[in-house]
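Here's the structure we're looking at; comments come further down.
Values below: all heavy atoms of this structure, side chains included; hydrogens, waters and symmetry mates excluded.
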Amino acid sequence: MLLKKLSVLLCAALFSCITFAQTNNKKSETDKVIDTFLQCNNQFFEQLAIHQESISQYVDLMTTPDNVTYIPVESIQQNDKNKVLFKKPLKYRGLEITGYQNIYIPTSLSGHFLYWGFIFNNTEDEIKATLNNINWLPYNTNIYIANAKIYDRQLKSPEWQNDPYAIDGVIPRLGTMNKSLYLELSTNNKSSVFCSIQGDLDKETLLATRPDLKPIIEKQEAERQEQIKAYKEKKQKEKQVQQSQPQANPTEAALTHGDNI
């Protein structure tokens, strides 16, 4: 009888250990995804692909035709559709993540601005205290910035350089791109941590950081080509109509003018 009880206790203990190990493994997988997100490069999307099962417990994922895994939102260009809330909060180093946001702001003169990141059910101070390995610097009264980088296509070096001039109100100059990590206060003691790439973006450099955008960019390019084609066809038809109309010679024009008088 004693042996039977010991056997039951050992099995229960073993089951608890396995469950605990599995839980810790899940946590470490989700931690790894968020850790790589904070680097603001394409490794974030690689980690989403590797740990799809763990992340899918919190938010649905999608995969592009090129096998890039990402978190989808309804529209990256519409303020009311660029956010998705999680099925349940994701715990990260004592913080609580409740959603994901993906924002695209095109401008005619200042370039393109892209932000992607997570919504936290925590204050800025709580996030700074937890992510104290990041050198957060004041950007303005409500926003902190970290790891600011600049890429200048005119320089010989193909690498991103540290950007000491990443301050509020200064936009990237022509031929340059900026990349940074932002901590922003939102509402009701909630905060957002965003990665951003902005400025005079070229397709190759953008996709090196944001490979998930390739289908969107290709769709935009196809739509642009269709618009150009439609414009050219319209102008060609207008020209053909103009050429098909009979042209009056100077004598006929003078006689017509005299009749009107």
Side-chain angles (χ1 to χ4, degrees), residues 30-31 33-49 51-64 68-107 111-128 130-131 134 136 139-147 168 178-198 201 206-207 209-217 219-220:
T30 55
D31 280 1
V33 172
I34 307 302
D35 285 345
T36 52
F37 156 74
L38 294 171
Q39 298 174 26
C40 295
N41 57 33
N42 58 14
Q43 291 184 39
F44 169 56
F45 303 98
E46 293 175 3
Q47 289 299 316
L48 281 177
H51 303 301
Q52 288 189 57
E53 183 178 351
S54 294
I55 298 298
S56 293
Q57 297 177 71
Y58 304 95
V59 62
D60 293 329
L61 302 175
M62 292 187 69
T63 303
T64 72
V68 177
T69 303
Y70 65 101
I71 301 173
V73 298
E74 190 173 348
S75 172
I76 64 175
Q77 289 187 254
Q78 298 184 46
N79 288 334
D80 58 340
K81 297 181 179 180
N82 60 20
K83 181 191 305 180
V84 58
L85 297 180
F86 283 8
K87 304 171 188 176
K88 59 182 180 180
L90 187 157
K91 300 293 185 180
Y92 173 67
R93 301 188 179 186
L95 302 172
E96 189 174 87
I97 299 175
T98 59
Y100 179 80
Q101 199 163 8
N102 191 359
I103 304 168
Y104 170 50
I105 305 172
T107 69
H112 302 266
F113 296 76
L114 294 104
Y115 303 87
W116 65 103
F118 293 96
I119 302 164
F120 286 76
N121 190 27
N122 301 95
T123 65
E124 285 182 314
D125 288 340
E126 289 172 339
I127 293 174
K128 284 193 299 175
T130 301
L131 305 182
I134 297 174
W136 297 106
Y139 188 68
N140 59 34
T141 55
N142 293 319
I143 301 175
Y144 291 87
I145 190 172
N147 304 335
D168 191 17
N178 295 92
K179 185 165 62 173
S180 304
L181 186 66
Y182 290 94
L183 169 57
E184 179 177 354
L185 178 67
S186 52
T187 57
N188 299 324
N189 290 326
K190 294 181 183 294
S191 305
S192 298
V193 177
F194 288 114
C195 287
S196 174
I197 185 169
Q198 53 192 260
L201 303 178
L206 175 59
L207 291 181
T209 302
R210 291 290 306 273
D212 61 307
L213 293 179
K214 186 177 179 181
I216 295 175
I217 292 174
K219 181 182 178 182
Q220 289 178 338

Q.
Ignoring hydrogens and geometry beyond distance, is a side-chain donor-acceptor pair present between D35 and Y92 at under 3.5 Å?
A. yes

Q: Step by step, work out the side-chain contact (heavy atoms from CB on, under 4.5 Å) result for K179 and T209.
A: CA-CA 10 Å; K179 185 165 62 173; T209 302; 4.1 Å; yes

Q. So which of H112, R210, Q78 actually passes side-chain hydrogen bond (donor to acceptor under 3.5 Å, both in side chains) with Y104?
A. H112

(Q) Is there a side-chain contact between F120 and E96 in this structure, where contact means two heavy atoms from C-beta onward sitting under 4.5 Å apart? (A) no

**Q.** Min side-chain heavy-atom separation F118-L90 under 4.5 Å
**A.** no

Q) Hey, does the side chain of E124 reach the backbone of L185 with a donor-acceptor pair shorter than 3.5 angstrom? A) yes

Q | Distance-minimising heavy-atom pair for A146 and I134 | A | CB-CG2, 3.4 Å

Q) Which heavy atom in L207 sits nearest to a heavy atom in L213, and how many Å separate them? A) CD2-C, 4.1 Å

Q. Which heavy atom in Q57 sits nearest to a heavy atom in K87, and how many Å separate them?
A. O-CD, 3.7 Å

Q: Compare every heavy atom of Y182 with every heavy atom of W136, then report the nearest pair and how far apart it is.
A: CZ3-C, 4.0 Å

Q. Does I55 reach the side chain of T69, with side-chain heavy atoms less than 4.5 Å apart?
A. no

(Q) Just checking K128: does its NZ atom have more than 12 heavy atoms from other residues, nucleotides or ligands closer to it than 6.0 angstrom? (A) yes

**Q.** Single hit among N178, L201, I105 for side-chain contact (heavy atoms from CB on, under 4.5 Å) with F113
**A.** I105

Q. Roughly how far apart are T30 OG1 and I97 CD1, rounded to 0.5 Å?
A. 8.0 Å

Q) Within a strict 4.5 Å, meaning less than it, do heavy atoms of the P106 and Q77 side chains meet? A) yes

Q) Counting N and O atoms only, with roles assigned by atom type, does the side chain of N188 sit under 3.5 Å from a partner on the main chain of K190, one being a donor and the other an acceptor? A) no

Q.
To the nearest 0.5 Å, what is the distance between CD1 on I145 and CD on E184?
A. 11.5 Å

Q.
Nearest 0.5 angstrom please: N121 CG to I127 CD1, how far?
A. 9.5 Å

Q. With a 6.0 Å cut-off on ring centres, are Y139 and Y144 close enough?
A. no

**Q.** L114 vs L206 side-chain heavy atoms within contact, under 4.5 Å
**A.** yes

Q.
Any non-hydrogen side-chain atom of N122 less than 4.5 Å from a side-chain atom of S191?
A. no

(Q) Taking G111's backbone N and O only, do any of them form a donor-acceptor pair with T107's side chain (distance below 3.5 Å, no angle check)? (A) yes

Q.
Can you give me the closest heavy-atom contact between S192 and I119, atom names plus distance?
A. OG-CG1, 4.1 Å

Q) Would you call Y70 and F44 a side-chain contact if the rule is heavy atoms closer than 4.5 Å? A) no

Q | Spacing of W116 atom CH2 and C40 atom SG [to the nearest 0.5 Å] | A | 5.5 Å

Q. If you round to the nearest 0.5 Å, how far is CZ of R93 from OG1 of T130?
A. 9.0 Å

Q) Looking at N82 and V73, what are the two nearest heavy atoms and their distance? A) O-CG1, 3.5 Å

Q. Should I71 and N102 count as side-chain neighbours, where that means a heavy-atom distance under 4.5 Å?
A. no

Q | Distance, nearest 0.5 Å, that separates CD of Q47 from CG of N42 | A | 11.0 Å

